[in-house]
S.K.: 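Here it is, the structure in full.
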Number of protein chains: 2
Amino acid sequence: MLGHEEAQEQALRATEGLFYARGIQAVGMDAVRTASGLPFKRLYQLFPSKEALVLEFLHRRDAQWRQALADYVGGHTTPDERVIAVFDWLHQWFSEPDYRGCAFINSFGEMGGISAEVAEQARHHKEAFHGYLTALVTASGRPAELADQLALLAEGAIVTAAISGAPEPAWQARSAARLLMGALDRNGPKGLDRTRASN
Amino acid sequence: MLGHEEAQEQALRATEGLFYARGIQAVGMDAVRTASGLPFKRLYQLFPSKEALVLEFLHRRDAQWRQALADYVGGHTTPDERVIAVFDWLHQWFSEPDYRGCAFINSFGEMGGISAEVAEQARHHKEAFHGYLTALVTASGRPAELADQLALLAEGAIVTAAISGAPEPAWQARSAARLLMGALDRNGPKGLDRTRASN
DNA sequence: TAGACTAGAGAACGACCGTTCTCAATGCAA
DNA sequence: TTGCATTGAGAACGGTCGTTCTCTAGTCTA
């Protein structure tokens, strides 16, 4: 028999693809059992309920996604390159054959209104991404407000690539990001509209 | 008894709030019956299945959403103001107390992987929005590529406002939009990165 | 070898889903 | 008034869901 950890790994790895491809509510525990090869009894020993499995899936996905992004960005040296690398990585992600958007945006859309925990996980994931982007932007000597805008471009590209089924939004976002960085370099931080934006 | 049209109106109006707030799969036909006040028999005369009701809901929402946006934008005169007005309208939308993101992004996340029709409706809605934005942008004498970027900002703001629960992303997007418009005015269309972006 | 424990496969359970059916109440034509 | 079609309210149906239970088949200990 597999140990607790390995079995949990196996269940989560099998679950991942199912939840991402079909959504959460459309995947029954029976499909999880079949995909993981673990009997119900074991499954419910590892995760006391489907909700617990879902939350673990999201937790794990958050960690893996941000790690993959950081790994890719880490392969670039200058601060400017590192900011732009985010969008190159997005294009790579969008080009995966079974890309279907951001798991957190999707689960928020599906369950954000009925599960406070799922909504909280989405919020946490997006805040972490935003924080990472802010670090990259400030490391390039630019104001944090730029990170807000780049985050919007990234989120927009994620959604648009998913719905349209094409990876091009990554390039459009990258192009806009370059323009925004250039605009700041020319005008200084006052180039941003600070009359209403609070951060 | 109500006529066919009025009953359909009533059913859809009642359904709207339910689907938008809780998602589609989490709303049972029993909840639709209760909210609409229509008995099952009548409901299934008006819509042969839940799926038909869902698709009608999306169709209707698309029309109303785009009309509301066009109405707001139409209240502004100069082409530049009209482009910026889109983001003002977004802020207004985000500030509604029960705002929970874009119904199409949400349904795509929930059902895009299991219902081709829902995915198609989302694609159609986003294409229509993109087309509208392109018309506003080209009317302002700027290249259509800018519309791609503004669309990403808008989509990103829609998602971020939903998940964070705050309307500020509208201002951040507006600020970025102004910068992008300004950058184009300074550099001409060549300011855009056309080496990889195809449109 | 005997016996206590455990794992695995899947049946079973209660709840709920979308959908259909029943049937008493109603409106209306003659 | 009688007969007939249509309505509304909700029970019923088959199916599926998340979860638990049963029962067989091992496996380890003494």
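In the text below, chain A, chain B and the rest are named by the order of the sequence lines, each starting its count at 1. Computed from a predicted structure; not experimentally measured.
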S.K.: Figure out the OH/C1' separation between A:Tyr44 and D:dT19, and round it to whole Å.
M.R.: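 After rounding, the reported distance stands at 5 Å.
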S.K.: Separation of B:Leu46 atom CG from D:dT7 atom P, in whole Å?
M.R.: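 The distance from CG of B:Leu46 to P of D:dT7 comes to 11 Å, rounded to the nearest Å.
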S.K.: Using 30° and 60° as the class boundaries, would you call the ring planes of A:Trp65 and A:Trp89 parallel, tilted or perpendicular?
M.R.: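 Plane angle over 60°, so perpendicular.
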S.K.: Hey, are the side chains of A:Asp80 and A:Arg142 touching, using non-hydrogen atoms and a 4.5 Å cut-off?
M.R.: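 In contact.
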S.K.: Which whole-number value in Å describes the distance from A:Gln10 CD to C:dA7 C1'?
M.R.: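 Spelled out: CD on A:Gln10 to C1' on C:dA7 is 15 Å.
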S.K.: Checking A:Arg174 side chain against A:Asp88 main chain: does a donor-acceptor pair fall under 3.5 Å?
M.R.: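 No.
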S.K.: Find the distance A:Gln45:CD to C:dC5:C1' and express it as a whole number of Å.
M.R.: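 Whole-Å distance recorded here is 13 Å.
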S.K.: Between D:dT20 atom P and A:Leu43 atom CG, what is the distance in whole Å?
M.R.: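 My rounded result for the distance is 12 Å.
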S.K.: Kindly give the atom pairs (protein nitrogen or oxygen, nucleotide nitrogen or oxygen) under 3.5 Å for nucleotides 9-16 of chain D.
M.R.:
| unit_1 | atom_1 | unit_2 | atom_2 | d |
| --- | --- | --- | --- | --- |
| D:dG10 | N7 | B:Arg33 | NH1 | 3.3 |

S.K.: Hey, is A:Glu6 close enough to A:Arg13 for a salt bridge, meaning N to O under 4.0 Å?
M.R.: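 Salt bridge flag = no for A:Arg13 with A:Glu6.
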S.K.: Using whole Å, report how far CZ of A:Arg42 lies from P of C:dG10.
M.R.: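 After rounding, the reported distance stands at 17 Å.
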S.K.: I want to check something: taking the side chain as every heavy atom from C-beta on, are A:Gln149 and B:Leu180 in contact at a cut-off of under 4.5 Å?
M.R.: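 No. Closest side-chain heavy atoms not under 4.5 Å.
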S.K.: Report which part of the nucleic acid A:Val32 touches: base, sugar-phosphate, or nothing (heavy-atom distance under 4.0 Å, all strands).
M.R.: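 Touches nothing.
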S.K.: In this structure, how many angstroms lie between the P atom of C:dG14 and the CE atom of A:Met29, rounded?
M.R.: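 After rounding, the reported distance stands at 20 Å.
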S.K.: Return the nearest nucleotide to the side chain of A:Lys50; candidates are D:dT19, C:dG18, C:dG8.
M.R.: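 Side chain of A:Lys50 sits closest to D:dT19.
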S.K.: Do you know which two heavy atoms are closest between A:Ala161 and A:Phe94, and how far apart they sit?
M.R.: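 Here A:Ala161 and A:Phe94 meet closest at CB-CD1, 3.4 Å.
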S.K.: Between D:dG18 atom P and A:Gln25 atom CD, what is the distance in whole Å?
M.R.: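 Distance, rounded to whole Å: 10 Å.
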